[in-house]
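Heads up: the structure comes next, in structure tokens.
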Number of protein chains: 2
Amino acid sequence: MTYENLDGLEVKKLENAKAQMRKGLLELCVLSIIDPEEMYPSDIIEKLKEAELIVVEGTLYPLLTRLKNAGLLEYTWRESTSGPPRKYYTTTEQGKVFCRELKESWDELVTKINNITTINSNHE
Amino acid sequence: MTYENLDGLEVKKLENAKAQMRKGLLELCVLSIIDPEEMYPSDIIEKLKEAELIVVEGTLYPLLTRLKNAGLLEYTWRESTSGPPRKYYTTTEQGKVFCRELKESWDELVTKINNITTINSNHE
DNA sequence: AAAGGTACTTTGCAATACATAGAACTAACT
DNA sequence: AGTTAGTTCTATGTATTGCAAAGTACCTTT
């Protein structure tokens with residue numbers, strides 16, 4: 001990824017476009033990360049960061065709450081040795097099913113987008 | 001894609017999740033579709049439909065306007081033999097560069113998401 | 001002239017990111 | 001005991017971009 005062909009304004013636009021691309025994908029990411037085990041929010045943020053998908057608290061907490069309210073996640077409080085208690089989230093059975101469906105939808109979407117963008121690459 | 005594991009409310013949630021996934025991806029799609037040639041909006045909608053990415057006027061027209069205002073697209077009016085005149089859009093040089101950068105960003109994003117969701121699939 | 005079809009514009013709403021401020025809890029320090 | 005620092009979680013305003021729907025404008029046909 002190099003920005004040498006873009007001026008300052010374009011860079012900002014590209015950054016924004018990248019941010020918009022991420023919208024709507026976090027549910028899948030978060031459910032996938034949590035699924036095999038239990039996790040508390042800062043760990044989730046850390047895991048996302050390792051995957052180079054940076055997410056901030058203001059995004060994650062409301063998302064976790066939404067998923068909990070939708071019955072896809074549940075949580076238990078756990079005392080921590082290094083500060084206040086933590087909410088450990090796990091995926092409900094419902095959430096596992098939903099996550100699998102979501103993954104399928106994602107795969108289909110990727111295929112569709114690639115069909116569009118790859119076909120046109122061949123013309124260049 | 002089967003919904004047999006989901007009840008009515010879940011289906012609605014999944015549909016919504018799919019809609020959210022699409023957000024942010026249309027710029028890339030539209031630029032990719034237009035790039036090799038010139039196109040007017042109904043044709044773009046048709047092409048997207050063929051690719052099973054259904055987009056409505058209320059979405060596309062403002063998007064085209066945004067891209068035009070950003071200098072990535074330009075248009076000329078053309079008379080039509082079957083109705084009112086049409087706006088034919090073409091990609092500017094700037095738009096071609098932007099589209100390539102966007103494609104790279106997309107590819108990176110796909111890789112990152114797949115890293116997250118695939119790793120966890122292996123645990124099931 | 002009116003009707004029908006096509007093309008484009010506008011607007012309100014919903015959803016989900018981000019930035020930021022703040023509250024609450026615990027451990028360590030003074 | 002009180003204060004400070006670090007950690008965890010909550011809430012809110014803002015920005016962006018889809019969708020639904022209504023409406024305007026233009027051309028052809030009736």
Side-chain angles (χ1 to χ4, degrees), chain A residues 12-31 38-46 48-49 53-70 72-73 75-89 102 105 109 113, chain B residues 12-31 38-46 48-49 53-70 72-73 75-89 102 105 109 113:
Chain A
K12 185 171 293 191
K13 283 190 203 138
L14 188 64
E15 291 301 317
N16 180 58
K18 291 168 65 173
Q20 298 300 328
M21 279 192 208
R22 287 199 292 268
K23 273 196 179 184
L25 299 175
L26 289 184
E27 275 190 27
L28 174 61
C29 292
V30 167
L31 284 172
E38 65 176 11
M39 246 177 235
Y40 77 105
S42 294
D43 244 354
I44 298 173
I45 287 182
E46 192 53 43
L48 285 166
K49 195 190 222 176
L53 286 165
I54 307 213
V55 175
V56 295
E57 288 91 350
T59 301
L60 184 64
Y61 283 102
L63 173 56
L64 289 173
T65 301
R66 284 200 314 265
L67 293 175
K68 193 264 308 172
N69 288 339
L72 305 182
L73 292 181
Y75 64 77
T76 57
W77 285 101
R78 248 341 123 67
E79 293 206 340
S80 156
T81 53
S82 59
R86 297 164 171 174
K87 269 187 181 175
Y88 277 84
Y89 285 89
L102 219 45
S105 298
L109 182 61
I113 304 284
Chain B
K12 187 172 291 191
K13 281 188 205 139
L14 189 66
E15 290 301 317
N16 181 58
K18 290 169 67 174
Q20 298 300 327
M21 277 193 207
R22 286 201 290 270
K23 278 195 176 182
L25 299 175
L26 289 184
E27 273 188 32
L28 174 62
C29 293
V30 168
L31 285 172
E38 67 178 8
M39 243 177 237
Y40 77 106
S42 294
D43 245 353
I44 298 173
I45 287 183
E46 192 52 42
L48 285 166
K49 196 189 222 173
L53 285 164
I54 307 214
V55 174
V56 296
E57 288 92 351
T59 299
L60 184 64
Y61 282 102
L63 173 56
L64 290 172
T65 302
R66 283 199 315 266
L67 293 175
K68 193 265 305 173
N69 289 340
L72 306 182
L73 293 181
Y75 65 76
T76 57
W77 285 101
R78 249 337 124 65
E79 292 204 340
S80 156
T81 55
S82 59
R86 298 165 170 172
K87 268 185 178 174
Y88 277 83
Y89 285 90
L102 220 43
S105 299
L109 182 62
I113 304 285

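Per chain, numbering begins at 1; letters A, B, ... match sequence-line order.
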task: Find the distance A:Lys23:NZ to C:dC18:P and express it as a whole number of Å.
output: 9 Å

Shorter than 3.5 Å, N or O on both sides, protein versus nucleotides 2-12 of chain C: list them out with atom names.
from	atom 1	to	atom 2	distance (Å)
C:dA7	OP1	B:Tyr40	OH	3.1
C:dA7	OP1	B:Arg86	NE	2.6
C:dA7	OP1	B:Arg86	NH2	2.3
C:dC8	OP1	B:Lys87	N	2.4
C:dC8	OP2	B:Tyr61	OH	3.0
C:dT9	OP1	B:Lys87	NZ	2.6

task: Measure the shortest side-chain to side-chain distance between A:Leu31 and A:Leu73 over non-hydrogen atoms and say whether it is less than 4.5 angstrom.
output: yes

message: Let me test you: for the helix from C:dA1-D:dT30 to C:dT30-D:dA1, what is the angle between the axes at its two ends (five pairs each), rounded to 10 degrees?
response: 20°

- request: Of all the heavy-atom pairs spanning B:Ala17 and A:Leu102, show the shortest one and how long it is.
  value: CB-CD1, 3.4 Å

field: Spacing between A:Gln20 atom CD and C:dT16 atom P, to the nearest angstrom
entry: 13 Å

query: Taking only N and O in the side chain of A:Asn16, is any of them less than 4.0 Å away from OP1 or OP2 of C:dC18?
result: no

- request: Using atom CD of A:Glu15 as one end and atom C1' of C:dA19 as the other, report the distance to the nearest whole Å.
  value: 16 Å

- request: Quick one: closest heavy-atom pair of A:Ser80 and A:Ser82, and the distance?
  value: OG-N, 2.9 Å

- prompt: Once you round to the nearest 0.5 Å, how far does CG of A:Leu53 lie from CG of A:Leu25?
  reply: 8.5 Å

- prompt: How close do B:Lys49 and B:Ile54 get, heavy atom to heavy atom, and via which atoms?
  reply: CG-CD1, 4.3 Å

statement: Contacts of B:Lys23 meeting side chain to side chain contact (heavy atoms under 4.5 Å, CB included) (sequence neighbours excluded), chain-then-number -> B:Gln20

field: Beyond-backbone contact of A:Trp77 with A:Lys87, side-chain heavy atoms, under 4.5 angstrom
entry: yes

- request: Check salt bridge (charged side-chain N to carboxylate O under 4.0 Å, His left out) between B:Glu38 and all other residues, then give those that pass, not counting sequence neighbours.
  value: B:Arg78

message: Over all strands shown, is A:Leu64 touching base, sugar-phosphate only, or nothing at heavy-atom distances under 4.0 angstrom?
response: nothing

field: Exercise: identify the closest heavy-atom pair between B:Ile45 and B:Val55
entry: CG2-O, 3.8 Å

task: Scan A:Leu63 against the nucleic acid and name what it touches under 4.0 Å (heavy atoms): base, sugar-phosphate only, or nothing.
output: nothing

Between A:Tyr75 and A:Tyr88, ring centroids under 6.0 Å: no

field: Boundaries of the chain A footprint along DNA chain D (any atom under 4.0 Å from a heavy atom)
entry: D:dG6 to D:dT17

Qualifying salt bridge (charged side-chain N to carboxylate O under 4.0 Å, His left out) pairs, either residue in residues 55-68 of chain A, two or more places apart: none

query: Which part of the nucleic acid does B:Ile54 contact within heavy-atom distance under 4.0 Å: base, sugar-phosphate only, or nothing?
result: sugar-phosphate

task: Would you mind reading off the distance between A:Leu60 atom CG and C:dT16 atom P, rounded to a whole angstrom?
output: 14 Å

